[in-house]
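Working notes, structure below.
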Amino acid sequence: HETGNVRVAYSDSEAAAVRDRVARKQAIGYPAELLDADEAGRAEPALARLPDPPAAVGYYPAEGYVDTTTLIGDMLDRFAALGGILVRARADTLLRDSGDAAVGGVRVGVGTDAGEIAGDLVVVCGGADTGLLQGGGFRLAARGPVGATVITGSVPVRVRGLIHYPDVTVRPDGGGRLLLHADDIDQRVLAATMSLDEDAIGELTGRARKWLALPGTEVPVAEVRVSVRPYPPDGFPAVRSEEHTPELQPMYLVCRLLLE
């Protein structure tokens with residue numbers, strides 16, 4: 001969803017950071033704007049509900065977010081239309097040797113319980129699980145911190161895209177629901193049970209209620225998701241392998257979808 005990405009600042013330091021970020025992006029030709037309160041409300045209707053005018057609003061119109069389930073479905077449809085065959089089998093080994101059929105002298109592919117599948121390029125979309133790479137000699141940890149997101153029930157407010165408020169990030173989740181996240185709430189996840197306590201959930205939804213001027217005293221909660229976030233050591237969402245293991249050059253590791 002290329003809906004735009006908005007960052008709202010109130011303190012002097014936050015506003016200075018937003019202005020600096022916009023200036024840096026504009027300097028390299030990246031779409032970025034500083035908006036006043038009226039412009040912000042037109043770009044993102046939810047910002048018309050702010051209780052007080054912000055000190056700065058950064059707007060990145062070419063950014064957005066991904067519904068992963070819908071994306072995967074669309075990709076599979078396109079894959080089938082191009083003649084692709086989906087093999088529903090467990091991939092447990094990477095192929096790598098110096099065969100003649102390889103790109104650059106390296107045979108690449110995966111071994112599955114349905115046989116070997118070779119190709120020009122391997123894209124591993126395993127999230128935090130990099131176990132498939134170990135047998136291929138590609139040693140990379142992608143297990144980042146534990147994090148939590150809260151998905152609300154349907155709420156009476158229109159949120160068009162991704163909004164970074166000072167203490168909570170909000171985006172639509174379909175059907176009038178919202179997805180909420182905050183870095184400091186991640187620190188309150190109970191790692192032993194992979195859960196978030198009611199106080200933390202209430203604090204997160206309370207922040208959203210404040211910024212979105214939602215009626216009532218509580219925001220309905222539909223789901224709480226707690227997981228290990230797949231972060232490679234450098235923090236980027238994808239890794240090309242030649243920097244780490246040259247013999248596995250025709251391989252990419254995609255750890256996470258990141259549009260923000």
Side-chain angles (χ1 to χ4, degrees), residues 1-10 14-15 17-26 28-75 147-186 204-215 219-225 227 229 235-238 256-260:
H1 301 274
E2 194 174 313
T3 55
N5 174 10
V6 179
R7 191 168 293 272
V8 181
Y10 277 86
E14 290 170 346
V18 166
R19 295 188 188 101
D20 177 67
R21 180 174 178 152
V22 168
R24 285 187 287 108
K25 290 183 179 291
Q26 289 176 336
I28 61 172
Y30 190 89
E33 306 171 34
L34 283 173
L35 305 182
D36 62 29
D38 290 337
E39 292 170 332
R42 289 193 292 271
E44 171 51 75
L47 296 185
R49 306 169 70 95
L50 287 172
D52 299 297
V57 176
Y59 177 51
Y60 311 97
E63 298 184 5
Y65 65 96
V66 169
D67 286 324
T68 52
T69 302
T70 303
L71 175 65
I72 291 169
D74 288 346
M75 291 175 68
T149 53
V150 171
I151 298 173
T152 74
S154 182
V155 294
V157 60
R158 180 189 173 202
V159 176
R160 180 172 179 267
L162 192 66
I163 309 175
H164 297 277
Y165 294 104
D167 56 4
V168 62
T169 295
V170 177
R171 75 157 174 83
D173 195 56
R177 299 181 299 271
L178 301 176
L179 187 148
L180 314 178
H181 172 256
D183 289 340
D184 64 315
I185 296 296
D186 283 351
L204 189 61
T205 56
R207 295 175 188 179
R209 182 175 60 82
K210 173 187 68 176
W211 294 116
L212 295 169
L214 294 172
V219 175
V221 173
E223 185 180 354
V224 179
R225 298 175 183 170
S227 62
R229 300 199 183 280
F236 288 97
R256 59 186 173 127
L257 291 170
L258 177 64
L259 282 83
E260 61 181 34

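By convention here, the first residue in the shown sequence is residue 1. Owing to the predicted nature of the structure, the values given are computational and were not obtained by experimental measurement.
With rounding to the nearest 0.5 Å, the separation of CG in Asp184 from CG in Leu204 is 8.5 Å. Tyr65 OH to Leu179 CG: the interatomic distance, rounded to the nearest 0.5 Å, is 10.0 Å. To the nearest 0.5 Å, the span separating CG on Asp36 from CD on Glu39 amounts to 4.0 Å. Atom CG of residue Leu180 and atom CZ of residue Arg171 lie 10.5 Å apart, to the nearest 0.5 angstrom.
Between Pro61 and Pro31 the shortest heavy-atom distance is CD-O, 3.7 Å. Here the closest heavy-atom approach between residue Ala43 and residue Leu35 is recorded as CB-CD1, 3.9 Å. When all heavy atoms are compared, the tightest approach of Glu2 to Ala62 is CG-O, 3.5 Å. Across all non-hydrogen atoms, the minimal contact from Gly161 to Pro172 is O-CD, 3.4 Å. The two residues Ala208 and Leu214 have their closest heavy-atom pair at O-CD1, 4.4 Å. Smallest separation of non-hydrogen atoms from Tyr10 and Pro54: CE2-CA, 3.6 Å.
For the side-chain contact (heavy atoms from CB on, under 4.5 Å) with Val150, the lone residue among Leu178, Thr205, Val168 that qualifies is Thr205. Among Val219, Leu47, Val159, Leu50, the one residue that satisfies the side-chain contact (heavy atoms from CB on, under 4.5 Å) test with Leu212 is Val159.
Under a 3.5 Å cut-off, the side chain of Glu33 and the backbone N or O of Tyr59 do not form any donor-acceptor pair. Checking side-chain atoms of Arg160 against main-chain N and O of Ala46 turns up no donor-acceptor pair under 3.5 Å. In this structure a side-chain-to-backbone donor-acceptor pair under 3.5 Å is missing from Asn5 to Gly64. A donor-acceptor pair under 3.5 Å links the side-chain atoms of Arg207 to the main chain of Asp167, judged by distance alone.
A salt bridge is defined here as a Lys NZ or Arg NE, NH1 or NH2 lying under 4.0 Å from an Asp or Glu carboxylate O, and Arg24 with Asp20 meets this definition.
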In sequence, state the C-alpha distance, the side-chain angles, and the governing distance for Asp186 and His181, and then conclude on side chain to side chain contact (heavy atoms under 4.5 Å, CB included).
CA-CA 8 Å; Asp186 283 351; His181 172 256; 2.8 Å; yes
Yes or no on side chain to side chain contact (heavy atoms under 4.5 Å, CB included) for Val57 and Glu44, after CA distance, side-chain angles and deciding distance?
CA-CA 11 Å; Val57 176; Glu44 171 51 75; over 6 Å; no
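For the pair Leu162/Glu63, no side-chain contact is recorded, criterion being any heavy-atom separation below 4.5 Å from C-beta on. No side-chain heavy atom of Glu223 sits less than 4.5 Å from a side-chain heavy atom of Arg177.
In this structure, Trp211 and Tyr165 have parallel ring planes: the angle between them is below the 30° cut-off, well short of the 60° mark.
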